[in-house]
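Here the structure is a predicted model, which means the values were calculated and not measured. Values reported hereafter were calculated over all heavy atoms of this structure, with side chains retained and with hydrogens, waters and symmetry mates removed. In this chain, numbering begins with 1 at the start of the sequence shown.
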Amino acid sequence: MDLVFYTLQHGFFGMDFDLISKSIDKAKSLFEEGGDWERKNRLKVYEGLYCISTRNFEKADTLFLDSISTTTYELFPYDTFIFYTVLTSIITLDRVSLKQKVVDAPEILTVIEKIPHLKEFLDSLYGCQYKSFFSAFGE
């Protein structure tokens, strides 16, 4: 399983989407034989990053929200993962789901202050304060 993750990292480094897609399919088949929840969540993060790269934001958001308790430091810091999660959620979720899954999520609340302008960006969009939203968007 670790070899598949290394192959995925190599694919992301070279932006080889064919290698990434095949490696994700290989990892999914390996998980059907058995696997722990941490690695399954790590795979969701890898697949979510692949979905962002191929502009499938809705699937990326679902995968990121499912694996929000997992860290994947080999790809990017946890702050960056939260950043991607918030951005894909803003694009894809309706207002009620955004409140439940992102605005009030404890995992996001613990990190969002560390990311410049992200809290203002999210809160102003949710609060319909569009002047502040576009100001934060520009930042």
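Cation-pi geometry between R39 and F31 is not met at under 6.0 angstrom from the ring centre and within 45 degrees of the axis.
A pairwise comparison of heavy atoms in S67 and N41 identifies CB-O, 3.5 Å as the closest pair. The two atoms that bring V4 and S23 nearest to each other are CG1-O, 3.4 Å, heavy atoms only. Of all heavy-atom pairs spanning K114 and T110, the tightest one is CE-O, 4.3 Å. The minimum heavy-atom distance between I52 and A60, with the atom names listed, is CG1-CB, 3.7 Å. Across every non-hydrogen atom of I108 and K101, the tightest pair is CD1-O, 4.2 Å. Taking all atoms of both residues into account, the shortest heavy-atom contact from E107 to I82 is O-CD1, 4.3 Å.
With hydrophobic clusters built from ILVMFWY side chains whose heavy atoms lie under 4.5 angstrom apart, F5 does not share a cluster with F13. Residues L125 and V103 fall within the same hydrophobic cluster, defined by Ile, Leu, Val, Met, Phe, Trp and Tyr side chains chained together at heavy-atom separations under 4.5 Å. Using a 4.5 Å cut-off between side-chain heavy atoms of Ile, Leu, Val, Met, Phe, Trp and Tyr, with links allowed through other members, M1 and Y50 fall into the same hydrophobic cluster. Hydrophobic clustering (ILVMFWY, side-chain heavy atoms < 4.5 Å, transitive): L122 and F137 are in one cluster. Linking Ile, Leu, Val, Met, Phe, Trp and Tyr whenever their side-chain heavy atoms come within less than 4.5 Å puts F134 and L87 in one cluster.
In E58, the CD atom is not crowded: 12 or fewer heavy atoms of neighbouring residues, nucleotides or ligands sit closer than 6.0 Å. By the 6.0 Å contact criterion, CZ on F17 is enclosed, its count of non-hydrogen atoms from other residues, nucleotides or ligands being greater than 12.
Looking only at side-chain heavy atoms (C-beta outward), V102 and L65 come within less than 4.5 Å of each other. Residues V45 and L63 form no side-chain contact, since every pair of their non-hydrogen atoms from C-beta on lies 4.5 Å or further apart.
A distance of 10.0 Å separates NE2 of H10 from CD1 of I20, quoted to the nearest 0.5 Å. Atom CG of D104 sits about 4.0 Å away from atom NZ of K99, to the nearest 0.5 Å. With values rounded to the nearest 0.5 angstrom, F83 atom CZ is found 7.5 Å from I115 atom CD1. Of the inter-residue distances, the one linking L93 atom CG with D61 atom CG reads 4.5 Å to the nearest 0.5 angstrom. The distance from the OG atom of S53 to the CD atom of E47 is 12.0 Å, given to the nearest 0.5 Å. Here the CG-OH distance, from D123 to Y126, works out to 10.0 Å after rounding to the nearest 0.5 Å.
Using a distance-only test at 3.5 Å, with no hydrogens or angles considered, a donor-acceptor pair links the side chain of S124 to the main chain of E120. Proximity of a side-chain donor or acceptor of T88 to a complementary backbone N or O of T85 within less than 3.5 Å is detected.
In summary, the side chains of S21 and D18 do not present any donor paired with an acceptor at a separation below 3.5 Å, with no hydrogens or angles considered. Checking E74 against Y46 by side-chain atom types alone, a donor-acceptor pair falls below 3.5 Å.
Proximity of the aromatic rings of F76 and Y84 is defined here by a centroid distance below 6.0 angstrom, and this criterion is met.
Using a 30° and 60° split on the angle between ring planes, F64 and F81 fall in the perpendicular class, above 60°.
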